Structure formats: C-alpha cells, structure tokens
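Data first, discussion second: the structure below is written as structure tokens.
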Amino acid sequence: MDSNEVLYDVIVVGAGPSGLAAGLELAKGNASVLILDRKQEIGCPKRCAEGLSNRWFDIMNLKPKPEWAVQEIKGAVLYGPNGKDVKMKSENALGYVLERKMFEKELAINAVKLGAKILLKHQVINAKRENGLVKLEVEVNNEVKEFKGKLVIACDGIDSLIARMLGLNTKNNLNDTDSGYQYEMTGISGYDENCLHLYFGTQVAPRGYIWIFPKREGTANVGIGIGAYVSNETKLNAKEYLDRWIQSQPGLKNGSIIEVNAGGIPVGGFLEKMTADNLLVAGDAGHMVDPIHGGGIGIAMEGGRLAAKNALRALKENDYTDKNLNQYTQEWFDTRGNELKRRLKSRHLLEQLSDDDFNYLAESITMDEALAIGNGTLSKTDMAILFTKKLVKRPGLVAIMMKYFQ
Ligand SMILES: Cc1cc2nc3c(=O)[nH]c(=O)nc-3n(C[C@H](O)[C@H](O)[C@H](O)COP(=O)(O)OP(=O)(O)OC[C@H]3O[C@@H](n4cnc5c(N)ncnc54)[C@H](O)[C@@H]3O)c2cc1C
C-alpha cells in the first residue's frame with residue numbers, strides 16, 4: 001500500500017530532537033506513527049552548538065556513547081566585558097558536546113526499531129481538518145501527496161508553521177527571539193577543551209553571548225546568539241559581531257571553518273496553550289527553550305515525549321478535541337514551563353545591567369551564587385538578602401533589583 005493511503009494514529013512533523021523523542025514514545029505505546037521531515041539527512045544541517053548537560057541524559061534515560069557524545073565537558077569559563085574570567089570546573093563530566101547528526105540518527109533508529117516510520121524530503125505545505133482527522137499536503141519531489149492522521153504533533157522548529165495552519169498562534173515576538181550564527185572551526189587553540197567558554201558584553205554580543213563549545217582536539221563550535229532586535233539598533237548582525245570577535249582572538253583567527261550554521265532561537269514568550277483540535281505542539285515550535293542560555297535539545301526531547309504521552313492517552317480515549325488534549329499544556333508547565341518562566345524573569349533582570357554592572361557583579365558574586373541566580377533556585381527572600389549584602393556600594397543596581405522583587 002502506498003504510504004499516503006494509510007491513516008496514521010499520529011503524524012509527527014519534524015525529525016529533530018522533539019519529533020524523534022515523540023515518535024519513539026508513540027511507537028513504544030504501539031501507536032502507528034509517521035515522522036515527516038523536509039531535510040534529506042537527519043540531524044543535518046544542525047543549527048546548534050550541540051551542548052547537552054548530564055541532567056538531560058538522566059531525564060531522557062540516555063547513556064552518552066562515544067559515537068555522538070564527542071567531548072566531555074567538566075565546567076565553564078565566563079568572560080566579563082572587561083575580559084576578566086570566572087572559571088568553574090569539576091573533576092567529573094557535567095555534560096557533553098554532541099555530534100548531533102549521529103545523536104539524532106540513533107534516536108531515529110531506535111524509533112524505527114519500535115515501529116515508527118520516517119520519511120525524509122517530505123515538506124508539509126498545508127494542514128487542514130477533515131471529518132475529524134487531519135489531512136496534510138506534502139511536497140515530495142515536486143509532487144504533492146496527502147497523508148492523514150488522527151493527531152498531528154507539530155515539532156517543526158522555530159518556524160512553527162504547522163501549528164499555525166491548524167489555528168494555533170505560535171508566533172514569536174522579536175524581544176523573545178535570538179538570532180544565532182555559528183562556525184564549526186578547526187585548527188584553533190588557546191582554550192581549555194574540557195570547558196564551555198562564554199563571552200559577555202555589549203560590544204561582544206548585545207543581549208546574548210559568544211560561545212566556544214569544544215568538539216574534539218582543535219575543533220569547536222564557535223558561535224553567537226544576540227537579541228533579534230539588536231541589529232536594528234546597532235546596524236551589525238550576528239555574523240558581523242562574530243566575525244569581528246574571531247579576528248580579535250589569536251587562537252581562532254587563523255582557524256578554518258568546516259561548517260556554517262544560522263538560525264533563530266525562541267527564548268521566551270511561552271505559549272499559554274499548546275494544543276488545538278487534533279494538534280499538539282512541542283520543542284522550538286512550542287517555544288520550549290531555556291530563556292537564559294538558549295539551550296533547547298533536552299527540553300525539546302522532554303516536551304516531545306510529554307506530547308506523545310498525551311497523544312497516547314487521547315488515542316485510548318478516542319477523543320482528539322482541544323479540550324481533552326489541553327491537559328498537556330498544564331503538565332508541561334508543571335514539569336518544565338514554570339521553571340523556565342522563572343528563568344525568563346531572571347533574564348529580563350540581567351538584560352537591564354550595564355557592562356560596568358556585569359564587571360562589578362563578576363567580582364563580587366561567587367560562581368555558586370551566580371549559578372543559583374541563573375538557575376532560578378533562590379527564593380525571592382534569599383535573593384533580596386544576597387543583593388542587599390552585595391550591592392550596598394552600587395545604588396543603581398539596587399534600583400534594578402527592586403523592580404525584580406515587585
Ligand atoms: C545557533 C544555535 C545554537 C544552539 N545551541 C544549542 C546548544 O548548544 N544546546 C542546546 O540544547 N540547544 C541549542 N540550540 C537550540 C536547539 O538547537 C533547539 O532548541 C532544538 O534543535 C529544538 O529541537 P526541535 O526538535 O524542536 O526543532 P528542530 O531541531 O529545529 O527540528 C525541526 C525539524 O522540523 C523540520 N521541518 C520544519 N518545517 C517542516 C515542514 N514544513 N515539513 C517537514 N519538516 C519540517 C526541520 O527540517 C527540522 O528537522 C541552538 C540553536 C541555535 C540556532
């Protein structure tokens with residue numbers, strides 16, 4: 001039978017981390033599942049710096065494998081606007097830089113082993129409801145084919161067109177979107193290869209940071225994420241900021257570029273609702289990204305898995321209405337969304353600080369305190385005590401912090 005004549009329980013659009021995690025969970029639950037992607041190779045091009053902390057391996061029950069967990073990461077070095085650095089390094093691995101192409105292929109292989117079907121070079125160009133089902137129009141080699149499903153999980157990344165075609169507003173606003181640009185470089189040196197390196201400052205990366213994520217000896221993802229609105233104000237785009245900075249780095253400027261990646265990152269603007277009739281949305285398409293550092297691989301996988309669990313429940317109940325599916329939104333906020341909302345608030349606070357404020361904080365706050373603020377794990381009272389102690393000499397900063405406590 002031609003694949004487009006089959007009625008699938010669930011069609012997942014997008015074979016990135018969220019779509020593959022959803023597909024795997026659905027196949028595990030014995031649903032018939034089709035995963036469509038417009039790319040011609042899973043995981044490629046990557047649009048990602050490929051960093052993933054151990055926390056996500058635990059949450060997703062994954063064991064790092066040398067084929068795709070290519071660089072052990074034991075810490076991070078933060079560089080302030082005045083060039084001073086704060087280093088935090090542990091004895092043990094805190095996470096890995098991945099070869100995402102290999103990682104996602106493994107997720108895909110596992111999903112297919114359990115019964116999922118994947119079709120590449122299949123671009124969904126239209127989605128509509130018909131007789132209680134969803135009909136997708138899909139462009140394949142200049143032909144349009146139709147696929148039907150009881151449910152669709154939209155995992156189509158930041159563009160998030162599928163959800164919008166089915167009536168769910170997933171538009172990103174400019175203030176909560178970052179513009180990312182990155183080179184995979186080789187023949188570079190001058191940094192600790194067991195650490196992530198993050199560079200801050202309005203001259204370096206306004207409303208964002210530059211990163212070096214080491215991948216193997218002499219090779220790293222070197223990239224930048226800045227507020228998407230920044231270029232309007234400074235007339236420099238993400239690539240120009242990155243190129244300028246690389247030229248100022250003796251260990252990098254003579255390196256060779258072996259891959260170029262660019263992409264948007266939804267860093268906030270969480271959706272109040274992540275379902276509609278016959279539809280669930282997950283991953284970047286549902287704005288499931290950490291608003292402080294822009295990491296989304298782990299959150300996307302977790303979101304995809306949760307969407308799939310709710311899809312399995314709806315299949316069992318034979319009820320594909322928004323009303324029934326929307327339990328997923330609440331579950332996502334309970335497991336992850338509320339934590340990310342707190343982190344968004346911390347980011348809004350950090351955005352108000354000047355380079356001088358950053359330099360002052362870098363010198364007065366310990367790494368553990370910085371991590372607690374960034375992770376949103378301090379209560380408001382503890383934050384107030386911390387800042388009252390640290391900021392007595394800086395009334396301007398106290399005023400900014402007070403706004404945060406209101
Ligand atoms: C420069 C940059 C660096 C980053 N670095 C990190 C990092 O170090 N660590 C981290 O955790 N996160 C990082 N992120 C974020 C991370 O890449 C994303 O959060 C993650 O990829 C989201 O996964 P996803 O499955 O939701 O979407 P995606 O990975 O974007 O996958 C979406 C898929 O949908 C497919 N698709 C889209 N539209 C259609 C259509 N109409 N029909 C068929 N298929 C379609 C696409 O081809 C794609 O394969 C970075 C992002 C950027 C841009």
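Note that the coordinates shown come from a computational prediction; the quantities given were computed from them, not determined experimentally. By convention here, the first residue in the shown sequence is residue 1. Remember, it's 1-based here, ligands and their atoms both numbered in the order they're listed.
Contacts between Glu50 and ligand 1, counted as non-hydrogen atom pairs separated by less than 4.0 Å, involve the backbone only. Counting heavy atoms closer than 4.0 Å to ligand 1, residue Cys155 contributes backbone atoms (N, CA, C, O) but none from C-beta onward. Counting heavy atoms under 4.0 Å from ligand 1, residue Ala300 touches it through the side chain alone.
Residue Trp56 places no heavy atom under 4.0 Å from ligand 1. Taking 4.0 Å as the cut-off, Gly223 does not count as a neighbour of ligand 1 on heavy-atom distance. Residue contacts with ligand 1 include Asp37, since one of its heavy atoms falls under 4.0 Å from the ligand. Contact between Ile265 and ligand 1 is present, with at least one heavy atom of the residue lying under 4.0 Å from the ligand.
Electrostatic pairing of Arg336 and Glu339 counts as a salt bridge here, judged by a charged N lying under 4.0 Å from a carboxylate O. Of the charged side-chain nitrogens involved, none lies within less than 4.0 Å of a carboxylate oxygen, so that Glu259 and Arg100 do not count as a salt-bridged pair. The pair Lys74-Glu91 fails the salt-bridge criterion, with no side-chain N (NZ, NE, NH1 or NH2) lying under 4.0 Å from an Asp/Glu carboxylate O. At a threshold of 4.0 Å, the pair Glu99-Arg216 counts as salt-bridged, since one of the basic side-chain nitrogens sits closer than that to a carboxylate oxygen. A salt bridge between Lys87 and Asp192 is present, with a side-chain N of the basic residue lying under 4.0 Å from a carboxylate O of the acidic one. Note on Arg347 versus Asp176: salt bridge recorded, some NZ/NE/NH1/NH2 to OD/OE distance being below 4.0 Å. Between Lys46 and Glu184 a salt bridge is recorded (basic side-chain N to carboxylate O distance below 4.0 Å). For Asp156 and Arg38, the salt-bridge test fails: no basic side-chain N is under 4.0 Å from an acidic carboxylate O.
Residue contacts with ligand 1: Leu52 is placed with no nitrogen or oxygen under 3.5 Å of a nitrogen or oxygen of the ligand (distance criterion only). Considering backbone and side-chain atoms alike, Lys46 places every N or O at 3.5 Å or more from each N or O of ligand 1. When only interatomic distances are considered, the shortest N/O to N/O separation between Pro17 and ligand 1 falls below 3.5 Å. Residue Trp211 has no N or O atom closer than 3.5 Å to an N or O atom of ligand 1.
A parallel orientation is assigned to the rings of Phe57 and Trp68, their planes being inclined by less than 30° (bins at 30° and 60°). Under the 30°/60° scheme for interplanar angles, the aromatic rings of Tyr183 and Tyr181 are found to stand perpendicular.
Nearest protein heavy-atom contact of atom 12 (N) of ligand 1 is Gly296 N, 2.9 Å. In terms of protein heavy-atom proximity, atom 13 (C) of ligand 1 is closest to Cys48 SG, 3.5 Å. The protein atom (non-hydrogen) at minimum distance from atom 31 (O) of ligand 1 is Gly16 CA, 3.6 Å. The nearest heavy-atom contact from the protein to atom 5 (N) of ligand 1 is Ala49 N, 2.8 Å. The protein atom (non-hydrogen) at minimum distance from atom 44 (N) of ligand 1 is Arg38 N, 3.1 Å. For atom 37 (C) of ligand 1, the nearest protein heavy atom (residue, atom name, distance) is Asp156 O, 3.2 Å. Looking at atom 19 (O) of ligand 1, its nearest protein heavy atom turns out to be Asp284 OD1, 2.7 Å.
If you number the atoms of ligand 1 from 1 as listed, the ones under 4.0 Å from a heavy atom of Phe213 come out as 8 (O). Every atom of ligand 1 is numbered from 1 in the order shown, and the set under 4.0 Å from a heavy atom of Arg100 is 16 (C), 17 (O), 20 (C), 21 (O), 29 (O). Within ligand 1, the atoms closer than 4.0 Å to a non-hydrogen atom of Arg47 are 2 (C), 17 (O), 50 (C), 51 (C), 52 (C), 53 (C), numbered from 1 in the order shown. Heavy-atom contacts of His122 reach the following atoms of ligand 1: 42 (N), 43 (C) (cutoff under 4.0 Å). Using a 4.0 Å cut-off to heavy atoms of Gly157, the atoms of ligand 1 that qualify are 27 (O), 30 (O), 32 (C). Numbered from 1 in the order shown, with element, the atoms of ligand 1 that lie under 4.0 Å from a heavy atom of Gly283 read 26 (O).
Side-chain atoms of Asn82 come within 3.5 Å of backbone N or O of Lys84 as a donor-acceptor pair. The closest donor-acceptor contact from the side chain of Glu193 to the backbone of Gly218 lies under 3.5 Å. For the pair His287 (side chain) and Pro266 (backbone), a donor-acceptor distance under 3.5 Å is absent.
Among Asn221, Ile224, Val281, Val124, the residue whose heavy atom lies nearest to atom 41 (N) of ligand 1 is Val124. Of the candidates Gly14, Gly51, Gly295, Gly51 brings a heavy atom nearest to atom 9 (N) of ligand 1. Distances from atom 15 (C) of ligand 1 to the heavy atoms of Ala154, Gly225, Gly264, Gly294 put Gly294 nearest. Considering only non-hydrogen atoms, atom 24 (P) of ligand 1 lies nearest to Ser18 out of Ser179, Ser18, Gly304.
Not counting sequence neighbours, Phe270 has no partner by the ring pair (Phe, Tyr, Trp, His ring centres under 6.0 Å) test.
Counting heavy atoms of neighbouring residues, nucleotides and ligands inside a 6.0 Å radius, atom CD of Glu317 exceeds 12 of them.
Applying the side-chain hydrogen bond (donor to acceptor under 3.5 Å, both in side chains) test to every pair with at least one member in residues 18-28, sequence neighbours left out, gives no pairs at all.
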